[in-house]
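In what follows, chains are A, B, ... by sequence order, proteins preceding strands, each numbered from 1. No hydrogens, no waters, no symmetry mates; every other heavy atom, side chains included, goes into these values.
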Number of protein chains: 2
Amino acid sequence: MIIRILLESDIPIYRQIRNAVIEGIALGHLKPGEGLPSVRQLSSELGINLHTVNKAYTLLKQDGFITIHRQKGVVVNQRTEMKLSQWQQDQLSQELKPLIAEAFCRGLELEGINRICKNIYIQFKEP
Amino acid sequence: MIIRILLESDIPIYRQIRNAVIEGIALGHLKPGEGLPSVRQLSSELGINLHTVNKAYTLLKQDGFITIHRQKGVVVNQRTEMKLSQWQQDQLSQELKPLIAEAFCRGLELEGINRICKNIYIQFKEP
DNA sequence: TAACTGTTATATATTAACTATAACATATAC
DNA sequence: GTATATGTTATAGTTAATATATAACAGTTA
């Protein structure tokens, strides 16, 4: 899978990589068991430092999205290993709150929010 | 309205203030025409610097949530001045994407996402 | 006049993000 | 064995974002 980053973005590079991998998994571009490029390879491709990629991979590992395997390298986990915990759901709710509050102030109805969420959601595929 | 910040949070203080004001407006705790504390007053209350509050207010002004009035000070705008632009909707969609992608990977269905959004949304009130 | 308001300027401190280079144990291929 | 990969760790340095400190300015209000 091709990972793109924007050096001008206000989102840190390691976070852009993290998001790109998660979105890649959700979109079905990255399937369980599939390998990701090594930290040296990806950092070279993107023209950035090894440690920036490593930071992204470490986050993805902590969050259950990938496993670092001694032989196979960096591998995408099964969906069962990504299961939503109560803490993660609370975290999601906390991150959604300011976004929905802003949309509400701007006059967007619940139906409008649901429509936007759906348009994002339908792009995603089960593995 | 009482604004709370967490100095240990990984979210910058000026952004916490921005979010708190927007959520305050959405919740109906801050009504159109209502005044906000001055930058010196709020910074003093929170034990932080004047410029940090000023940065938050400047953002809120740019985003159409407040107006700086020479006589009245900092005032909450009418909802009509906060209206959602196409650019803002695209921005919202872009910010939602990684959150929904993560939730999808973790097995949360669209109905679950809608439920979480609704639970946040129903707390909000029209002015 | 005195005490406020937001705004601007300048300088500095602190922290987060990113880079550079090197080394280590381990694994794979020749 | 040798060479080349892998992730990981350590150290040092740079750059950018965040937050602070202090001061001043033009208005406004009492």
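As a whole-Å value, the separation of B:Leu59 CG from D:dA17 P is 14 Å. Taking atom CD1 on B:Ile13 and atom P on D:dA17, their separation rounds to 17 Å, with Å as the unit. Put simply, CG on B:Leu36 is 14 Å from C1' on C:dT5, counting in whole angstrom units. Here C:dA25 presents its C1' atom at 14 Å from CD of A:Gln71, a figure rounded to the nearest Å. Atom CD1 in B:Ile17 sits roughly 13 Å away from atom P in D:dT18 (whole-Å rounding). Look at CG on B:Leu50: it is 13 Å from C1' on C:dA9, rounded to the nearest Å. B:Leu6 places its CG atom 13 Å from the P atom of D:dA19, with the value rounded to the nearest Å. Here the P atom of nucleotide D:dA5 and the CG atom of A:Leu42 are 17 Å apart, to the nearest Å.
For C:dC18, neither phosphate oxygen OP1 nor OP2 lies less than 4.0 angstrom from any side-chain nitrogen or oxygen of A:Tyr14. An OP1 or OP2 oxygen of D:dA5 is reached within less than 4.0 angstrom by no side-chain nitrogen or oxygen of A:Ser38. Between B:Lys55 and D:dA19 there is no side-chain polar atom (N or O) within less than 4.0 angstrom of OP1 or OP2. A sub-4.0 Å separation between OP1 or OP2 of C:dT7 and a side-chain N or O of B:Lys61 is present. In this model, the phosphate group of C:dA17 is not approached by any side-chain N or O of A:Thr52 to a distance below 4.0 Å at OP1 or OP2. The phosphate of C:dT7 has OP1 or OP2 within less than 4.0 Å of a side-chain N or O from B:Asn54.
A perpendicular orientation is assigned to the rings of B:Tyr121 and A:Phe104, their planes being inclined by more than 60° (bins at 30° and 60°).
Across the interface with DNA chain C, nearest-nucleotide mapping of A:Asn49 and A:Arg70 shows A:Asn49 to be the residue nearer the 5′ end.
Evaluation of atom-type donor-acceptor distances gives a pair under 3.5 Å for the side chain of B:Arg40 against the base of C:dT7.
The side chain to side chain donor-acceptor pair (under 3.5 Å) contacts involving residues 67-76 of chain B comprise B:Thr67-B:Asn77, B:His69-B:Gln71, where partners must be two or more places apart or lie in separate chains.
The main-chain N or O of B:His51 is found under 3.5 Å from a side-chain atom of B:Asn49 such that the two form a donor-acceptor pair. In this structure a side-chain-to-backbone donor-acceptor pair under 3.5 Å is present from A:Thr58 to A:Asn54.
Considering only side-chain atoms of A:His51, the nucleotide from D:dA19, C:dT21, C:dT7 that sits closest is C:dT21.
Judged purely by distance below 3.5 Å, without hydrogens or angles, the side chains of B:Gln86 and B:Asp90 pair a donor atom with an acceptor atom.
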